[in-house]
Amino acid sequence: MINYMSSKKLNIKALLNLPQANIEVAVDAWVRTKRQSKNVAFLALNDGSTIHNLQAVVDVDDQIESILDRIHTGASVHVEGILIPSEGKGQSYELKTTTIHIWGEANPDEYPLQPKKHSLEFLREIAHLRFRSNLFGAVTRIRHAMIFAIHNYFNQNGFYNVHTPIITASDAEGAGEMFQVTTLDLNNLPKTEDGSIDYSKDFFGKSANLTVSGQLEAELAAMALSKVYTFGPTFRAENSNTSRHLAEFWMIEPEVAFADINDDMDLAEGLLKYCVQYALDHCNDDLQFLSERIIAEEKSLPEKDRSMELIEKLKMVVDNDFVRITYTEAIDILKNSNPNKKKKFNYIIEAWGADLQSEHERYLVEKHFQKPVILTDYPKEIKAFYMKLNEDNQTVRAMDILFPGIGEIVGGSQREEDYEKLVGRMREMHIPEKEMSWYLDTRKFGSAPHAGFGLGFERLLLFVTGMGNVRDVIAFPRTPKNCEF
RNA sequence: UCCUCUUUAGCUCAGUUGGUUAGAGCACCUGACUGUUAAUCAGGGGGUCCUUGGUUCAAGUCCAAGAAGGGGAGCCA
């Protein structure tokens, strides 16, 4: 029995980048397509290291034909041979095959992936196999690159990563509906004398939920380590069915002490530009593939409805400063805008204080400025309790970053560091002080101005990959009525 | 949750005014082919027309309810 594991192996990305060929190599990979004629067969091999396939060229004889007969799209194989300059067009190198070993067959009557374009909806239904598509392979590699870039950026800038809790008993931030975590028997709930559920019998001795944000805990860490960030899973039990929402998503939340809202905006803009530049520098092949895919997809659209070419769009973000305007300025622009005057908006902007709808954000980003926009200083009524009150007593130092095609990608603020003002805001918004004493302690002992934001990781990926739905940039999306795999 | 569209072969889709045995391309199987690039050419097999109920001599097609999915909105990241 030959031990195929012991052979000298390189991944396909490394092989295709070798400066010269004519060497013996071994490759483990999955078969994308097989093309066979009487005397020669071609296997397109992919091991996920790159979007590109390695072409194995196989001279057909009786013995090898019996192996080839068992190889179909999706099979995993070990192939040995000599890497040579390709005799055919379409690739620089190819593998002149001497040995084929099948690790695992893929029954073609059952294997759902074909060497053709599948719909995103179909791929979502076979999420366990869609890693093997060109598209999801590219997205997955870019997702990894962005995770890496984020940690890199913060590490290089003196931030410490903190793991904030995933299970939490505080329901303070009001960021959305929460998933409850319990070990109680739902068919036989313990009750108190007044008939309500007796959470003292629950695992933690009180009601607990999955986190909707690591921000409050990150603030605690920032009040000692100065610059921290979290990057973890976040859970929202909202019944939102959109291309931009998940029940389980990943969020980046930096928190910086001795920083104001301008520092916060600089940090966010710096992070976003670093990530996009990192993708341009490290994911060129995958971006190229995604770009071509979008162009093919939009070919039938009239020119005015087509989106900017992906790589051009990414460069545009890196090369241009984000527009920074206040909410008040945005309202003025919107009030005087054509769609507002001609009543094209579904929600007409009439007065200061109105919450901005998606259509307004899109107008500002996609029509008026045509680049990322940071909106600041929102009315306090439409923002969270912890945001720092401006001297006008009307607005808070919030900042939202709006991206073309995506909308809000970052939401952040300078935090209210004044104990009395913070307690005042909590009372106005009916947030229980008692349960939040640990949070308020930071304002009691050595309080300091500080700021932070939340960046939706999947929304960043939407922008970088040009995909249209967050369900296609996370391996196993969790959405209302969907928890497969 | 609201508005809207969709659901026909493994996949992508066509199916006329309600009318005989529901079609195509791809995939699969068989054969041909000396180098292909989602190979090509010829032939073949493959259907709970989303579900339930209704109208009708007759329903893939019309009506009602439901389910699943897409797009948009709200909420947000």
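Numbered from 1 within each chain, the chains take letters A, B, ... in sequence-line order.
Ring-base stacking between Phe42(A) and G35(B) is not satisfied when judged by a centre separation under 5.5 Å and a plane angle under 30°.
For C76(B), the OP1/OP2 oxygens have no side-chain nitrogen or oxygen of Arg459(A) closer than 4.0 Å. The phosphate of G72(B) has OP1 or OP2 within less than 4.0 Å of a side-chain N or O from Ser243(A). Close to U34(B), at under 4.0 Å from its OP1 or OP2, lies no side-chain N or O of Ser37(A).
Among the heavy atoms of the strands, none lies under 4.0 Å from Glu110(A). Contacts of Lys96(A) with the nucleic acid, taken as non-hydrogen atoms under 4.0 Å apart, include base atoms. At a threshold of 4.0 angstrom between heavy atoms, the contacts of Gln55(A) include nucleobase atoms, whether or not backbone atoms are also involved. Here Leu120(A) lies out of heavy-atom contact (under 4.0 Å) with every strand.
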Task: Trace of the salt bridge (Lys or Arg N to Asp or Glu O under 4.0 Å) decision for Lys96(A) with Asp59(A) - done: CA-CA 8 Å; Lys96(A) 193 83 184 160; Asp59(A) 288 328; 3.8 Å; yes
Task: CA sep, side-chain torsions, deciding dist, call: Lys371(A), Phe322(A), side-chain contact (heavy atoms from CB on, under 4.5 Å) - done: CA-CA 7 Å; Lys371(A) 51 178 149 173; Phe322(A) 297 1; over 6 Å; no
TODO: Quick one: do Arg397(A) and Glu416(A) satisfy salt bridge (Lys or Arg N to Asp or Glu O under 4.0 Å)? Show the steps, please.
DONE: CA-CA 9 Å; Arg397(A) 284 181 204 169; Glu416(A) 180 56 76; over 6 Å; no
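When rounded to the nearest whole Å, the span between CD1 of Ile409(A) and C1' of C76(B) equals 13 Å. We find that CD of Gln91(A) is positioned 10 Å from C1' of G35(B), with the value rounded to whole Å. If you measure from atom CG of Leu54(A) to atom P of U36(B), you get 18 Å, rounded to the nearest angstrom. Here A77(B) presents its C1' atom at 12 Å from CZ of Phe453(A), a figure rounded to the nearest Å.
When each of G70(B), A73(B), A77(B) is scored by its nearest atom to the side-chain atoms of Tyr347(A), the top-ranked nucleotide is A73(B). Here the nucleotide nearest the side chain of Arg362(A), chosen from U12(B), G74(B), G72(B), is G72(B). In the set A77(B), C33(B), A73(B), the nucleotide with an atom closest to the side chain of Thr242(A) is A73(B). Counting only heavy atoms from C-beta on, Lys38(A) has its side chain closest to U34(B) among G70(B), U36(B), U34(B). When distances are taken from the side chain of Ser358(A) to each of C29(B), G35(B), A73(B), the shortest belongs to A73(B). Relative to the side chain of Arg35(A), the nucleotides U1(B), U36(B), A77(B) differ in distance, and U36(B) lies closest. In the set G35(B), C75(B), A73(B), A73(B) carries the atom at the smallest distance from any side-chain atom of Arg244(A). Closest approach to the Arg236(A) side chain among G35(B), A77(B), C75(B) is made by A77(B) (side chain taken as heavy atoms from C-beta onward).
The gap from the C1' atom of G44(B) to that of A9(B) amounts to 15 Å, rounded to the nearest Å. Atom name C1', nucleotides U61(B) and G18(B): the rounded distance is 6 Å, in whole Å. Nucleotides U7(B) and C13(B) are separated by 12 Å at their C1' atoms, to the nearest Å. A gap of 38 Å separates the C1' atoms of G72(B) and U56(B), to the nearest Å. As rounded to the nearest Å, G19(B) and U12(B) have C1' atoms that lie 29 Å from one another. Between C63(B) and G70(B), the two C1' atoms lie 25 Å apart (nearest whole Å). Taking atom P in both U16(B) and C62(B), the straight-line distance is 9 Å, to the nearest Å. Comparing the P positions of G47(B) and G23(B) gives a spacing of 13 Å, expressed to the nearest Å.
A side-chain donor-acceptor contact under 3.5 Å links Gln414(A) to the backbone of Ile261(A). No donor-acceptor distance shorter than 3.5 angstrom exists from the side chain of Lys34(A) to the backbone of Phe42(A), with no hydrogens or angles considered. No donor-acceptor pair closer than 3.5 Å links the side chain of Tyr111(A) to the backbone N or O of Ala75(A). In this structure, Glu484(A) contributes its side chain and Glu125(A) its backbone to no donor-acceptor pair below 3.5 Å.
For the pair Arg425(A) and Phe385(A), the cation-pi criterion (under 6.0 Å, within 45° of the ring axis) is not fulfilled.
A salt bridge is defined here as a Lys NZ or Arg NE, NH1 or NH2 lying under 4.0 Å from an Asp or Glu carboxylate O, and Lys388(A) with Asp260(A) fails to meet this definition. Using a 4.0 Å cut-off between charged nitrogen and carboxylate oxygen, Arg324(A) and Glu269(A) count as a salt-bridge pair.
Base pairing of U55(B): no nucleotide in any strand meets the Watson-Crick or G-U wobble criterion (both distances under 3.5 Å). Across all strands shown, A14(B) remains unpaired; no Watson-Crick or G-U wobble contact has both distances below 3.5 Å. Of all nucleotides present, only U6(B) satisfies the Watson-Crick or G-U wobble test against A68(B), with each distance under 3.5 Å.
For G35(B), the base has a donor-acceptor partner in the side chain of Glu94(A) [N/O atoms by modelled type, under 3.5 angstrom]. His72(A) contributes no side-chain N or O that forms a donor-acceptor pair with the base of C28(B) under 3.5 Å.
Nearest-nucleotide mapping onto RNA chain B: of Gln357(A) and Thr33(A), the residue sitting toward the 5' end is Thr33(A).
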Are there any protein N/O atoms within less than 3.5 Å of an N/O atom in nucleotides 7-10 of chain B, and if so, which ones and at what distance?
| from | atom 1 | to | atom 2 | distance (Å) |
| --- | --- | --- | --- | --- |
| G10(B) | N2 | Gln114(A) | OE1 | 3.2 |
| G10(B) | N2 | Gln114(A) | NE2 | 2.3 |
| G10(B) | N3 | Gln114(A) | NE2 | 3.4 |

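Within residues 465-485 of chain A, the residues having any heavy atom under 4.0 Å from RNA chain B are, by residue number, Asn469(A), Arg471(A), Lys481(A).
Within the structure, salt bridge (Lys or Arg N to Asp or Glu O under 4.0 Å) pairs that include any residue of residues 373-385 of chain A comprise Lys383(A)-Asp400(A) (at least two apart or interchain).
Between Tyr153(A) and Tyr274(A), the ring planes lie tilted relative to each other; the angle falls in the 30° to 60° range.
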